[in-house]
Amino acid sequence: MSGDTPIYDALAAEIRAERPVALATMLAGPSIGAKLLVKGDDDSTLGTLGSGGLDRVVERDMRGELAAGRTGIRRYGVDGEARATDVEIFIESFAPPPLMAIFGAVDFTAALAKVSKFLGYRVIVCDARPIFATPQRFPMADRVVVDWPDRLLDEIGSSLGPRDAVAVLTHDAKFDVPAITSALTTEVGYIGVMGSRRTHDERTDRLREAGVDDAGLRRLRSPIGLDLGGRTPEETAISIVAEIIGLRTGRALSALRDTQGPIHR
């Protein structure tokens, strides 16, 4: 409809700029075809579904769906009442690809970057050692950063959300502690840390000394990945992304963090 042109123009502009945006369309109810646009980067909206109460409730749900990257149908009362089904709204989320930030240019990094790209992630590889952090070693990465992890996270941390992931693949205290402590200040949905159980115990002591509390430690997935018995970098990468998928979907997991005994048998 011609009246929807400004909404479609705004939607196209947000998608081209790779900014998160959601569009709600009434499929059933008093104003079939009515639309509401919500921009994820700010509090602005465009359009209306015909009722201020309905707009407020749907906008809230749109922001939640956008944060999770979900698209689907929701039902409400004509003024947004819960547990009513008079109105049917289709919410479309147009979210930028999730981010995988990999800290440490090690042997496992290329495999994890490759698998992450296959699953649709934007991939950043970060290492403070310029001899290792090169585009030639990681051509599949969208960005290779030669810097300390806390400096990169100062730059990107505010944009990280539940769909994004941080993987710390180093075993170097001067690198992994600032990476973890900085990641814990963000809203990133997954923080995985590579290392054996002994390495993790020693790292935990250093993290406590750095001020990380029990709640922060519970956010860490370490040892990293699912207990698939993988050994190669590629198998390890698959176990990591499988853990991320399982956490996102809420499925039961056999995570290495939650098991006992040696990682490799």
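If you check the side chains of S196 and T199, you find a donor sitting under 3.5 Å from an acceptor. With 3.5 Å as the limit, one finds no donor-acceptor pair spanning the side chains of E88 and Y76.
Atom CD1 of residue I180 and atom CZ of residue F175 lie 11.0 Å apart, to the nearest 0.5 angstrom. Taking CG of D227 as the start and OG of S239 as the end, the distance is 9.0 Å to the nearest 0.5 Å. With rounding to the nearest 0.5 angstrom, the CD1 atom of I224 is 10.5 Å from the CZ atom of F108. Taken from OG in S31 to CG in L49, the straight-line distance is 8.0 Å, to the nearest 0.5 Å. For the atom pair OG1 (T170) and CD1 (I102), the distance works out to 12.5 Å, reported to the nearest 0.5 Å. Distance check, rounded to the nearest 0.5 Å: OH of Y190 to CD of E243 gives 3.5 Å.
For the pair T85 and R75, the tightest heavy-atom approach, listed with the atom from each and the gap, is CA-CB, 4.1 Å. Of all the heavy atoms in F138 and A110, the pair that sits closest is CE2-N, 3.7 Å. Nearest heavy atoms, E59 versus V38: CG-CG2, 3.7 Å. When all heavy atoms of P6 and L46 are compared, the closest pair comes out as O-CD2, 3.6 Å. The two residues P96 and R163 make their nearest non-hydrogen contact at O-NH1, 3.0 Å.
Surrounding CZ of R56 are at most 12 heavy atoms belonging to other residues, nucleotides or ligands under 6.0 Å away. By the 6.0 Å contact criterion, CZ on R151 is open, its count of non-hydrogen atoms from other residues, nucleotides or ligands being 12 or less. Atom CD of E18 has 12 or fewer neighbouring heavy atoms from other residues, nucleotides or ligands inside a 6.0 Å radius. Shown here is K114, whose NZ atom has no more than 12 heavy atoms of other residues, nucleotides or ligands within 6.0 Å. Applying the 6.0 Å contact sphere to CG of D107 captures no more than 12 heavy atoms from other residues, nucleotides or ligands.
Residue I32 is not grouped with residue I89 when hydrophobic side chains (ILVMFWY) are merged at heavy-atom distances under 4.5 angstrom, including chains of intermediate members. Cluster membership for I73 and I91, using ILVMFWY side-chain heavy atoms within less than 4.5 angstrom, is not shared. L160 and V193 fall within the same hydrophobic cluster, defined by Ile, Leu, Val, Met, Phe, Trp and Tyr side-chain heavy atoms under 4.5 Å apart, directly or through other members. Linking Ile, Leu, Val, Met, Phe, Trp and Tyr whenever their side-chain heavy atoms come within less than 4.5 Å leaves M26 and F90 in two separate clusters. Under the 4.5 Å side-chain heavy-atom criterion for ILVMFWY residues, a single connected hydrophobic cluster contains both V106 and I240.
Using modelled atom types, one side-chain atom of R63 and one backbone atom of K39 make a donor-acceptor pair closer than 3.5 Å. One N or O on the side chain of D142 and one on the backbone of V123 form a donor-acceptor pair closer than 3.5 Å. Looking only at distances, no side-chain donor or acceptor of R221 sits under 3.5 Å from a matching main-chain atom of A167. Distance alone, capped at 3.5 Å, is enough to place a donor-acceptor pair between the D164 side chain and the L99 backbone. Using modelled atom types, no side-chain atom of S93 and backbone atom of A22 make a donor-acceptor pair closer than 3.5 Å. The backbone N or O of G50 sits less than 3.5 Å from a side-chain atom of T48, completing a donor-acceptor pair. Side-chain atoms of T186 come within 3.5 Å of backbone N or O of A183 as a donor-acceptor pair. With hydrogens and angles ignored, the 3.5 Å screen pairs a side-chain donor or acceptor of E81 with a backbone N or O of D79.
In this structure the side chain of M194 never reaches within 4.5 angstrom of the side chain of P223, judged on heavy atoms. T134 is not listed as a side-chain neighbour of V144, based on a closest heavy-atom distance of 4.5 Å or more. Contact annotation: the side chain of V168 approaches that of V166 to within less than 4.5 Å [non-hydrogen atoms, C-beta and beyond]. In this structure, R203 and D176 have side chains that are in contact, with non-hydrogen atoms separated by less than 4.5 Å. The side-chain heavy atoms of D205 and D201, taken from C-beta on, include no pair separated by under 4.5 Å. Between S182 and P149, the closest side-chain pair of non-hydrogen atoms is not below 4.5 Å. In this structure, the side chains of T236 and T232 stay at 4.5 Å or more apart for every pair of heavy atoms. Between P30 and V87, some side-chain heavy-atom pair lies under the 4.5 Å cut-off.
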Evaluate the side chain to side chain contact (heavy atoms under 4.5 Å, CB included) criterion for residues L23 and K35: first the C-alpha distance (whole Å), next the side-chain angles of each, then the deciding distance (0.1 Å), finally the verdict. CA-CA 7 Å; L23 178 67; K35 299 184 187 306; 4.2 Å; yes
Could you walk me through whether I244 and M100 satisfy the side chain to side chain contact (heavy atoms under 4.5 Å, CB included) test, starting with their C-alpha distance in whole Å, then the side-chain angles of each, then the deciding distance to 0.1 Å, before giving a yes or no? CA-CA 11 Å; I244 294 172; M100 171 70 75; 3.6 Å; yes
Kindly indicate, with the supporting measurements, whether the criterion side chain to side chain contact (heavy atoms under 4.5 Å, CB included) is fulfilled by L112 and L169. CA-CA 10 Å; L112 180 56; L169 304 187; 4.2 Å; yes
Under the criterion side chain to side chain contact (heavy atoms under 4.5 Å, CB included), I'd like the reasoning laid out for D127 against V146: C-alpha separation, chi angles, the key distance, then a yes or no. CA-CA 5 Å; D127 196 301; V146 180; over 6 Å; no
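Ionic pairing of E65 and R74 is present here: one or more N-O contacts between side-chain nitrogen and carboxylate oxygen are shorter than 4.0 angstrom. Under a 4.0 Å N-O distance rule, the pair D213/R208 does not qualify as a salt bridge. Of the charged side-chain nitrogens involved, none lies within less than 4.0 Å of a carboxylate oxygen, so that R231 and E235 do not count as a salt-bridged pair. Between R143 and E155 there is a salt bridge, with a side-chain nitrogen of the basic residue lying less than 4.0 Å from a carboxylate oxygen of the acidic one.
For F132, the side-chain contact (heavy atoms from CB on, under 4.5 Å) criterion is met by A105, R129, R137, not counting sequence neighbours. Taking P97 as the reference, R122 meet the side-chain contact (heavy atoms from CB on, under 4.5 Å) condition, with sequence neighbours excluded. In this structure, the side-chain contact (heavy atoms from CB on, under 4.5 Å) partners of D86, at least two apart in sequence or on a different chain, are V78, A84.
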